[in-house]
Amino acid sequence: MRRKLAAGNWKMNGTSAALGELAALQDAHPDPGVDLLICPPATLLSAAVQETHNGPVMIGGQDCHEKTDGAHTGDISAAMLRDVGARAVILGHSERRAGHHETSEDVRAKARTAQAAGLMTVICLGESLLQREATNTLDIIGAQLSLSVPDSSTGENLVVAYEPIWAIGSGLTPTPDQIGEVHDFMRDRLEQRFGPGVGRSVRLLYGGSVKPDNAAEIFAISNVDGALVGGASLKASDFDPIIRALEQA
Ligand code: PGA
């Protein structure tokens with residue numbers, strides 16, 4: 001059985017004042033029926049780990065470097081994330097693929113380093129609207145999946161998030177059939193590559209405009225094991241009903 005996961009990606013949002021949202025989340029979910037992960041900006045990691053100390057909310061980073069250390073100004077290593085108390089890292093988010101020219105090969109190298117450091121990697125994939133209209137979406141997803149996921153992956157250290165680029169921050173979401181098609185396909189591909197044991201234990205998240213009012217419908221789709229949530233994870237009052245919908249799915 002895969003334990004469901006509600007993950008929040010705060011992106012470049014939040015200063016110390018936002019830590020109150022973590023406290024509110026913990027108060028609302030002292031003993032959640034699903035795993036909870038919040039990935040705040042790097043500047044808040046240390047304080048977020050302290051805020052959630054001994055509680056059920058895991059803290060994660062939003063990126064790390066593929067190298068373990070060295071002359072990489074402005075970058076953060078996987079070991080640094082571990083050192084500060086982070087337990088996971090988002091890798092290959094489309095905003096990093098687009099804004100920082102990260103390729104799937106880059107993402108795989110980062111994921112290998114992060115997994116070796118003991119972090120759970122949340123690897124993001126997704127097609128653009130142009131790609132969905134012009135090509136077979138499953139070809140795009142299949143290529144991103146095989147190139148971005150390292151051989152060192154297991155059910156514990158790999159989570160895959162399907163995030164259609166056109167659904168992120170747009171208020172648009174794919175139909176349940178479109179989400180189900182991609183998630184079933186990713187499950188098949190992971191089983192083929194890693195065998196049924198590992199392939200069936202990797203959690204598959206959907207991400208892109210998940211909100212309190214569409215969460216239940218999305219969580220009812222086969223092979224959707226949770227969500228990676230951007231905007232609606234910033235306020236505990238928005239994330240809370242999404243978590244509850246996942247608990248009831
Ligand atoms: P959104 O972002 O929920 O604001 O659409 C999702 C994401 O980018 O992970």
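Counting convention: from 1, in listed order, for ligands and their atoms alike.
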Subject >> Lys/Arg N to Asp/Glu carboxylate O, Asp240 vs Arg244, below 4.0 Å >> reply: yes
Subject >> salt bridge (Lys or Arg N to Asp or Glu O under 4.0 Å) contacts in which one or both residues fall within residues 12-34, not counting sequence neighbours >> reply: Glu21-Lys235
Original post:
How long is the span from the CD atom in Glu181 to the CD atom in Gln178, to the nearest 0.5 Å?
Top reply: 8.0 Å
Original post:
Should Asp35 and Arg203 count as an ion pair when the cut-off is N to O under 4.0 Å?
Top reply: yes
**OP:** Provide the closest heavy-atom pair for Phe239 versus Gly8 in the form atom of the first, atom of the second, distance.
**Re:** CZ-N, 3.9 Å
Subject >> First-shell residues of ligand 1 [heavy atom, distance under 4.0 Å] >> reply: Asn9, Lys11, His93, Glu163, Ala167, Ile168, Gly169, Gly208, Ser209, Leu228, Val229, Gly230, Gly231
Subject >> Heavy-atom closest pair, residues Arg200 and Glu191 >> reply: CG-OE2, 3.2 Å
